[in-house]
Amino acid sequence: MLTFFSAGTGGAPPPAFLLTGINLKCSNSRRLTIWAGEFPDFLPKQVENIKDPYARKLASRIERIPVNLLKGCVMSSCVKPKEQTEANPVVLLHGFDSSCLEWRYTLPMLEDAGLETWAIDILGWGFSDLGRLPSCDVASKRDHLYQLWSTHIKRPMVLVGPSLGSAVAIDFSVKYPEAVDRLVLIDASVYAEGTGNLATLPKAVAYAGVYLLKSLPLRLYATSLAFNGLPFSTCIDWTNIGRLHCSLPWWEDALVNFMISGGYNVISQIEHVKQKTLIIWGEDDQIIDYKLAVRLHCELPNAILRQIPQCGHIPHVEKPDAVSRLIANFAHPDQSQRANPDSVSTISVPS
């Protein structure tokens, strides 16, 4: 369970620019001011304790939109684009038991590169209203994403999935190829055979395990284990960002529902992915072996593989500048000059 958690927590350390105060580059001519607006009232009150300015800014933009499922409407959490463009939108998923706050650094960069960008919370995770708890198994997550896409996005998308989100993206693109123009898979967790023995646990034991997964000590340990040299105060803040959604009252039920349903097993679907695919991999990923990146590259019919040096399992948090450039150039290669480092400006970031 700890490996599963580490692969999707989003509680990674801040990139070097937050620790050092170095200016961060972005791809247009204006300076971006980081500020924290008022938060939506459906977010847990613990959001007020978050110190990271990028996380606070993105949290202030989260909203809920209606998504109609078979058994009723779910008010689903996401970050909507600031503006629509004629090009296909970029849609960002997240990892296991995480939220759209994973994209606090990379999403603004993609927007500054001129891309229409959504960040969507996968059903059962994030900040959606699950008061009338729907099923949160694989089929339900797939249907939820399709209904959200068909109602609110309505155009083929560049679908981005990190870690377990890659399995979500592959499963969705094979089932609904008309909805996906291109795929981006980041440190993909796609060779696990579902949740394994966790699916056979008695419910009482499953709830006990999920309760432990929520605990600050375990999350703090996982963050410090995955990343070296992180100041303790920063580790606390980032751990709290990664577990913020766990404070919602339905979180335990939704996660247990997913775990005992068997989870994602997309191994047999990989060869059926027809979309052009970009695989991004952190060179120093300690969670998933790089050999699996090579295997994935070989098994996907139309894929390219790019490594990011000195980077771990969550490149879109550790190296957002590199990830945003790779995504922008891949999504719309005819507009790639917008993400050219020769034409970037700086963001003022407090140390």
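Everything numeric in this text was worked out from a predicted model, so none of it was measured. Start at 1 with the first residue, then count along the sequence.
Note on ring orientation: taking the six-membered ring where Trp is involved, the planes of Y146 and Y176 are parallel (angle under 30°, cut-offs 30° and 60°). Ring planes of F127 and H245: perpendicular class, angle over 60° (limits at 30 and 60°).
Taking NZ from K276 and CG from L300, the interatomic distance works out to 13.0 Å, rounded to the nearest 0.5 Å. In this structure, the separation between CG on L220 and CH2 on W238 is 14.5 Å, given to the nearest 0.5 Å. Separating the SG atom in C78 from the CD1 atom in I153 is a distance of 8.0 Å, to the nearest 0.5 Å. The NE2 atom of H313 lies 10.0 Å from the CD1 atom of I186; values are rounded to the nearest 0.5 Å. Taking CH2 of W281 as the start and CG of D289 as the end, the distance is 8.5 Å to the nearest 0.5 Å. Atoms CD1 and CD1, from I236 and I50 in turn, are 13.0 Å apart once rounded to the nearest 0.5 Å.
Here the side chain of Q307 pairs no donor or acceptor atom with the backbone of L305 at under 3.5 angstrom. R56 contributes a side-chain N or O that, together with a main-chain N or O of E48, makes up a donor-acceptor pair within less than 3.5 Å. Using modelled atom types, one side-chain atom of H94 and one backbone atom of I122 make a donor-acceptor pair closer than 3.5 Å. Of the possible donor and acceptor atoms, none in the side chain of D52 sits under 3.5 Å from a partner among the backbone N and O of D237. Of the possible donor and acceptor atoms, none in the side chain of D181 sits under 3.5 Å from a partner among the backbone N and O of P156. With hydrogens and angles ignored, the 3.5 Å screen pairs no side-chain donor or acceptor of R243 with any backbone N or O of R219. In terms of modelled atom types and a separation under 3.5 Å, the side chain of R182 and the main chain of V90 share no donor-acceptor contact. With hydrogens and angles ignored, the 3.5 Å screen pairs a side-chain donor or acceptor of S166 with a backbone N or O of G161.
N68 places a side-chain heavy atom less than 4.5 Å from the side chain of C73. Considering only heavy atoms from C-beta on, V160 stays 4.5 Å or farther from L278 through its side chain. Side chains of I241 and R104 form a contact here, defined as non-hydrogen atoms less than 4.5 Å apart. Side-chain contact between Y264 and D171 is present, with heavy atoms from C-beta onward closer than 4.5 Å. A 4.5 Å side-chain heavy-atom check between D285 and Y290 finds every atom pair outside the cut-off.
Smallest separation of non-hydrogen atoms from D187 and P315: OD1-CG, 3.1 Å.
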Query - Evaluation steps, salt bridge (charged side-chain N to carboxylate O under 4.0 Å, His left out), between R61 and E111 - result: CA-CA 14 Å; R61 290 181 56 187; E111 289 182 328; 2.8 Å; yes

Query - Stepwise side chain to side chain contact (heavy atoms under 4.5 Å, CB included) test for I65 and T151 - result: CA-CA 10 Å; I65 57 177; T151 303; over 6 Å; no

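Under the rule for a salt bridge (charged side-chain N to carboxylate O under 4.0 Å, His left out), R306 has no partner lying at least two apart in sequence or in another chain. Qualifying side chain to side chain donor-acceptor pair (under 3.5 Å) partners for E299, counting only residues two or more places apart in sequence or in other chains: Y191, R295.
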Which donor-acceptor pairs under 3.5 Å do the side chains of residues 247-254 make with protein atoms, sequence neighbours left out?
residue, atom, partner, partner atom, Å
W250, NE1, S128, O, 3.2
W251, NE1, D97, OD1, 2.8
D253, OD1, Y207, OH, 2.5

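With a 6.0 Å cutoff to the six-membered ring centre and a 45° limit on the axis angle, K141 counts as a cation-pi contact of F258.
With salt bridges taken as basic N to acidic carboxylate O contacts below 4.0 Å, one links E116 and R155.
Using a 4.5 Å cut-off between side-chain heavy atoms of Ile, Leu, Val, Met, Phe, Trp and Tyr, with links allowed through other members, L43 and M75 fall into different hydrophobic clusters. A single hydrophobic cluster is not seen to contain both L101 and L216; linkage of ILVMFWY side chains at heavy-atom distances under 4.5 Å, directly or through other members, places them apart.
Of the N and O atoms on the side chains of S140 and D143, not one donor lies less than 3.5 Å from an acceptor on the other residue.
Centroid-to-centroid, the aromatic rings of H316 and W103 come within less than 6.0 Å.
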